[in-house]
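Working notes for the structure below.
Counting starts at 1 for both ligands and their atoms, in listed order.
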Amino acid sequence: MKVLGLETSCDETGLAIFDSEQVGEDNKGLVGQVLYSQVELHANYGGVVPELASRDHIRKLVPLLNELLAQCDVSKDEIDAIAYTKGPGLIGALMTGALFGRSLAYGLDIPAIGIHHMEGHLLAPLMGANPPAFPFVSLLVSGGHTLLIAARGIGEYEILGESIDDAAGECFDKAAKMLNLPYPGGPNIAKLAETGNPNAYELPRPMLHRGLDFSFSGMKTAVHNLIKDTPHSGSGSDGDPQVRADIAASFQQAMVDTLVKKCVKALKQTGMSRLVIAGGVSANTHLRETLETELAKIQATVHCAPPALCTDNGAMIAYAGFERLQAGQADDLAVSCVPRWPMTELPAV
Ligand code: KG4
Ligand code: ZN
């Protein structure tokens with residue numbers, strides 16, 4: 001089954017084709033993907049402007065689809081089904097992909113299905129080289145979500161913990177902004193941290209002894225105060241690259257320590273031995289390496305998608321769509337997008 005996946009929930013237009021008949025040792029079914037990032041479009045505004053995002057998705061969907069079909073050497077008639085992101089996300093942005101996908105499927109007389117964006121992230125590691133079997137604990141860390149989930153099957157999700165304020169990615173983005181680094185902050189903090197000392201400054205590891213929920217607002221304030229109180233931390237001519245790298249590394253270390261400790265706790269609490277990490281922040285190399293070291297100590301394994309499939313993309317939507325479609329699920333002709341959508345409301349497969 002060839003599934004076209006469409007992701008337009010925020011500021012990336014992602015399209016991909018997943019082919020279940022191409023699943024092999026080296027090829028996990030991903031025929032090809034195209035991704036257009038609107039980062040530059042929103043750069044001057046300090047965040048994503050929803051209306052600009054929607055308009056740009058509309059402009060890009062058709063040319064990107066043509067580019068994808070040419071790249072994969074697949075014609076429209078060979079597509080068997082279409083999966084689009086139905087939520088959560090920016091309502092206008094979601095509507096562009098959903099209406100485009102639903103109409104195209106109607107025109108081609110093939111089924112269509114709306115996919116939960118975070119389920120796309122959660123299942124993306126199953127397309128990887130080392131796919132984990134259910135059940136597993138999943139750490140979903142993106143720009144809008146920080147969730148620890150016990151996943152017992154597709155659509156069988158129990159929320160173990162979540163952020164009571166900012167999401168992990170949002171915290172990376174805000175810390176980056178305070179250091180005058182461009183959006184998205186995560187990769188830029190990670191790059192600056194490479195030459196820094198992670199123990200240079202003491203930052204809080206919030207809520208470590210309080211269950212499996214997270215809170216990052218205190219850490220954000222601590223970074224703000226650290227930058228304010230530390231000479232030469234600015235990006236101007238007075239700034240010292242080593243001081244800035246030390247701040248970035250100390251911040252990243254505090255984030256990684258907090259996330260890793262909660263993951264270990266969740267594994268112990270559930271008795272599970274596999275951890276899946278997904279979402280943009282799971283592309284962070286330091287997080288991946290620390291998890292591998294710490295989980296090895298408790299005989300648990302960590303599984304993640306290749307970095308390109310950690311951030312928003314169409315492939316994860318195509319794959320999640322395939323899993324649900326092959327179980328007989330599909331949406332009718334009505335298009336309804338859901339800006340807020342708890343994962344626990346998803347039907348099991
Ligand atoms: O999943 P994603 O692409 O979009 C959302 O659904 O939100 O996640 C984006 C988030 C941003 O906050 C970005 O700064 C963060 O993921 N991110 C990273 C890295 N790459 C992306 N954070 C830390 N380290 C990275 N290497
Ligand atoms: Zn995402």
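- Neither the backbone nor the side chain of His145 has any atom closer than 4.0 Å to an atom of ligand 1 (non-hydrogen atoms only).
- Salt-bridge check for Lys174 with Glu170: passed, with a basic side-chain N closer than 4.0 Å to an acidic carboxylate O.
- Annotation: atom 7 (O) of ligand 1 to nearest protein heavy atom, Gly143 N, 2.8 Å.
- Note on the Zn ion (ligand 2): protein N/O/S atoms under 2.8 Å are His117 NE2, His121 NE2, Asp312 OD1.
- Side-chain contact between Val3 and Ile17: absent, with no pair of heavy atoms (C-beta onward) separated by less than 4.5 Å.
- Using modelled atom types and a 3.5 Å distance limit, the side chains of Thr230 and His232 yield no donor-acceptor pair.
- When hydrogens are left out, the protein atom nearest atom 24 (N) of ligand 1 is Asn284 ND2, 3.0 Å; that is the closest non-hydrogen contact.
- Side-chain contact, His286 with Gln253: a donor N or O sits under 3.5 Å from an acceptor N or O.
- The atoms of ligand 1 that sit less than 4.0 Å from any heavy atom of His117 are 6 (O).
- Within the set Ala167, Gly186, Ala278, Ser37, the minimum heavy-atom distance to atom 23 (C) of ligand 1 is found for Gly186.
- Of all atoms in ligand 1, listed by their number and element, those nearer than 4.0 Å to a heavy atom of His121 are 1 (O), 6 (O).
- Protein heavy atom closest to atom 3 (O) of ligand 1, with residue, atom name and distance, is Asp312 N, 3.0 Å.
- Between Met207 and Phe214, the closest side-chain pair of non-hydrogen atoms is not below 4.5 Å.
- Considering backbone and side-chain N/O of Thr311, none are found under 3.5 Å from N/O of ligand 1.
- Residues Ile227 and Leu179 meet the side-chain proximity criterion, which asks for heavy atoms closer than 4.5 Å.
- Counting only N and O atoms by type, the side chains of Ser20 and Gln22 include no donor and acceptor under 3.5 Å apart.
- Applying the salt bridge (charged side-chain N to carboxylate O under 4.0 Å, His left out) test to every pair with at least one member in residues 186-196, sequence neighbours left out, gives no pairs at all.
- Residues Phe251 and Tyr201 keep their aromatic ring centres 6.0 Å or farther apart.
- Close contacts of ligand 1 with Asp173, meaning ligand atoms under 4.0 Å from a residue heavy atom, involve 11 (C), 12 (O), 13 (C), 14 (O).
- An N or O contact shorter than 3.5 Å links Gly169 to ligand 1 by distance.
- The closest protein non-hydrogen atom to atom 20 (N) of ligand 1 is Gly280 O, 3.4 Å.
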